[in-house]
Amino acid sequence: MIEKSSAFCCLFSLLLLLFSASLQAQDAEKKEHVYKPLILKLNEEGTHYIRLITWHQIRMTSNNLDAENAKFQLTPSIRRSRIMAYAQISPKFLILTHFGVNNLTPENLTSLGSNGNSAQLFLHGAFGEIKLNDKLYIGGGLHYWKGLTRRASQSTLNLMTMDQSKPYAHWHSLGISDQFARHLGFYAKGQIGKLDYRIAINSPLRNNLNEGEDYGLKNSGLVYNGVSQLDLSGQATGNMIIEGYVRHNFWDQESTKLPYQVGTYLGKKKVLGLGAGFFSHPNGMYRTETRAHSHINHFAVDAYLDTPVPGGSFNAYAAFMKFDYGENYVSRWAGTGNNIHVQMGYY
């Protein structure tokens, strides 16, 4: 009995060891798949550091099968390929650089990567920032501290939908007065209690005049290229854009360290934010017949909800935008009038 009992205890102990080793292996495998920020510490306390973020969004899309007798085809593409680094070089100074490629497809690939009209590596952001106090930061460069709505500064790392919704009403100036939704200029931002804000003074793009045409019924007589046209007295005008956004957080506070607005937290935070914003471009429009300039003024209000619920999380966003380019004008992504955007998701 003693020998059998000892053998049973040894066998049981062995099984426990094997089970424990299996659990440890599973834990180790889980830890290997846990995301850890790529951070290079510049001091022992970790208050001075450089963080690197890189991502690719790779897609496979099918052709339009509405065409009669169309054969099914699949096409791979790289929607975005980006690398971003920001350095907190001291408690008061931050530097950010962001560059990458958009929309690389078999149609615009080139034989050597330098010929033809292929997607190009370009700057998406390059700005520096100084902290004046806990409630006020100022910065400048090619930046993404935009006004009007939350989704005007949408992050592309955590979209709830597959992509920024088209038409790009929130990115209403995309490729018209900015470089891929980024302007050259200066900004101020900060948090006061549950309220956060951002305001920027920028200069519009000057070398893309064809994008300023009327995309609507061609009867407005207006062109969005006022910065390139002298006024009636022969003076340059239209060289300033002012935009801003303010938001009140009712529950968890959202970070304003970087300009990129989270699409969904997947239930990791409980967020309810109400916001309002504006975009103003004095003398941005130009009427060819009269050689007169006119102003652009957009306003918006929006609400964002992201909260854990039993079994997952719920996300909702709604925005009302009022665009004013001038009577009857339709731009590439938005036109004079009202726009309502609503989206909801469950995870």
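Values below: all heavy atoms of this structure, side chains included; hydrogens, waters and symmetry mates excluded.
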Can you check whether [Y]'s main-chain N or O pairs, donor with acceptor, with [X]'s side chain at less than 3.5 Å?
{"X": "Gln164", "Y": "His170", "value": "no"}
{"X": "His293", "Y": "Gly226", "value": "yes"}
{"X": "Gln191", "Y": "Glu254", "value": "yes"}
{"X": "Asn43", "Y": "Thr47", "value": "yes"}
{"X": "His298", "Y": "Asp324", "value": "yes"}
{"X": "Asn63", "Y": "Lys71", "value": "yes"}
{"X": "Ser81", "Y": "Val101", "value": "no"}
{"X": "Trp171", "Y": "Ala152", "value": "yes"}
{"X": "Glu243", "Y": "Ile199", "value": "no"}
{"X": "Lys135", "Y": "Gly193", "value": "no"}

[X] [atom1]: over 12 foreign heavy atoms closer than 6.0 Å:
{"X": "Met160", "atom1": "CE", "answer": "yes"}
{"X": "Phe314", "atom1": "CZ", "answer": "yes"}
{"X": "Glu68", "atom1": "CD", "answer": "no"}
{"X": "Met162", "atom1": "CE", "answer": "no"}
{"X": "Phe186", "atom1": "CZ", "answer": "no"}
{"X": "Glu327", "atom1": "CD", "answer": "no"}
{"X": "Glu45", "atom1": "CD", "answer": "yes"}

Can you see whether [X] engages [Y] through a side-chain donor-acceptor pair at a distance of less than 3.5 angstrom?
{"X": "Ser203", "Y": "Asn239", "answer": "yes"}
{"X": "Arg198", "Y": "Ser153", "answer": "yes"}
{"X": "Asn103", "Y": "Asn108", "answer": "no"}
{"X": "Tyr347", "Y": "Asp306", "answer": "no"}
{"X": "Arg151", "Y": "Gln261", "answer": "no"}
{"X": "His295", "Y": "Ser280", "answer": "no"}

Plane angle bin for [Y] and [X] - parallel if under 30°, tilted between 30 and 60°, otherwise perpendicular:
{"X": "Tyr187", "Y": "His143", "answer": "tilted"}
{"X": "Phe323", "Y": "Tyr325", "answer": "parallel"}
{"X": "His98", "Y": "Trp55", "answer": "tilted"}

Does the ring of Phe299 carry Lys322 above it, NZ/CZ under 6.0 angstrom from centre and within 45° of its axis?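 Geometry flag: not set, cation outside 6.0 Å or 45°.
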
Test: Arg182 cationic atom under 6.0 Å from Tyr144 six-membered ring centre, within 45° of axis: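 The answer is yes, since Arg182 meets both limits relative to Tyr144.
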
Would you sort out whether Phe122 and His124 count as a ring pair (Phe, Tyr, Trp, His ring centres under 6.0 Å), showing the intermediate values? CA-CA 6 Å; Phe122 68 95; His124 286 75; 4.2 Å; yes

Output the distance between atom CG (Leu109) and atom CG (Leu104), rounded to the nearest 0.5 Å. 4.5 Å

Tyr49 side, atom OH; Ile89 side, atom CD1 - distance, nearest 0.5 Å: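 It is 12.0 Å, given to the nearest 0.5 Å.
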
I'd like to know if [Y] and [X] are part of one continuous hydrophobic network [Ile/Leu/Val/Met/Phe/Trp/Tyr, side-chain heavy atoms within less than 4.5 Å].
{"X": "Val246", "Y": "Ile192", "result": "yes"}
{"X": "Trp251", "Y": "Val309", "result": "yes"}
{"X": "Leu195", "Y": "Tyr304", "result": "no"}

Using a 4.5 Å cut-off on heavy atoms from C-beta on, say whether the side chain of [Y] contacts that of [X].
{"X": "Ile242", "Y": "Phe278", "result": "yes"}
{"X": "Lys269", "Y": "Val262", "result": "no"}
{"X": "Glu129", "Y": "Phe93", "result": "no"}

May I ask you to say whether Asp252 pairs ionically with Lys270, meaning some side-chain N is under 4.0 Å from a carboxylate O?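 Result for this pair is no, no salt bridge flagged.
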
